[in-house]
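First comes the structure, then the notes that go with it.
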Amino acid sequence: MNKNSIWIFLLSVILLCGTLIVCTSIYAKDEKNSSPSLSDASDYSISQNTVLSLNEAADYLRISTDDLKTIIKQDEEKRTSRGPTNAYDLIPYVNLNGNLIFYRPSLDKWIEYNTLNK
């Protein structure tokens, strides 16, 4: 190899490395702007006041806890006695290890569905 070809080779390597650095920084900036970071996770999490216990759901619906348990029992009987139902025909809740959990927006939809369809 002569001296000129070594300089051309070195210049090519330097230009290639510079191009890779620039492209990587552009990609990293674009990726940072387009995807949420861990610090933004609170924007996507369910806020604590939207997840309700049995007592909180009864208070939210302005009925007694016993009345809410009666509604749940009636809905369980409907679930076992008939086929598929509409999404908000039955009160929406999740049973987690014996604890009934309600999601406030789902309760709102349940109220709206039953108000309009009954």
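These values consider heavy atoms only, across backbone and side chains, with no hydrogens, waters or symmetry-generated copies.
Note: the hydrophobic cluster containing Leu90 does not contain Leu107 (ILVMFWY, side chain heavy atoms under 4.5 Å, direct or indirect links).
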Please walk me through it: do Ile71 and Leu61 pass side-chain contact (heavy atoms from CB on, under 4.5 Å)? CA-CA 12 Å; Ile71 292 169; Leu61 295 171; 5.9 Å; no
Pair Asp108-Tyr60, side-chain contact (heavy atoms from CB on, under 4.5 Å): steps then yes or no: CA-CA 10 Å; Asp108 291 338; Tyr60 181 68; 2.3 Å; yes
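A distance of 4.5 Å separates CG of Asp89 from OH of Tyr113, quoted to the nearest 0.5 Å. The CD atom of Glu77 sits 12.5 Å away from atom CD1 of Ile72, with the distance rounded to the nearest 0.5 Å. To the nearest 0.5 angstrom, Phe9 atom CZ is 9.5 Å from Ile6 atom CD1. To the nearest 0.5 Å, atom CD1 of residue Ile101 and atom CG of residue Leu52 are 9.0 Å apart.
Minimum interatomic distance between Lys69 and Leu54 (heavy atoms only, all atoms of both residues): CE-CD2, 3.4 Å. In this structure, Ser106 and Pro92 approach most closely via the heavy-atom pair O-CG, 3.5 Å. Heavy atoms only, all atoms of each residue included: Ile91 and Arg79 are closest at O-NH2, 3.7 Å.
No donor-acceptor pair closer than 3.5 Å links the side chain of Asn55 to the backbone N or O of Thr65. A distance-only check finds no donor-acceptor pair linking the side chain of Asp67 to the backbone of Ile63 [under 3.5 Å].
Here Asp75 pairs with nothing under the side-chain hydrogen bond (donor to acceptor under 3.5 Å, both in side chains) rule; sequence neighbours left out. Qualifying side-chain contact (heavy atoms from CB on, under 4.5 Å) partners for Ile14, counting only residues two or more places apart in sequence or in other chains: none. Under the salt bridge (charged side-chain N to carboxylate O under 4.0 Å, His left out) criterion, Arg104 pairs with no residue at all, not counting sequence neighbours. In this structure Glu56 satisfies the salt bridge (charged side-chain N to carboxylate O under 4.0 Å, His left out) test with no other residue, sequence neighbours excluded. Partners of Asp59 under the side-chain hydrogen bond (donor to acceptor under 3.5 Å, both in side chains) rule, at least two apart in sequence or in another chain, do not exist in this structure. For Tyr93, the ring pair (Phe, Tyr, Trp, His ring centres under 6.0 Å) partners two or more places apart in sequence, or in a different chain, are Phe102.
Ion pairing between Glu112 and Lys109 fails under the 4.0 Å rule for side-chain N and carboxylate O.
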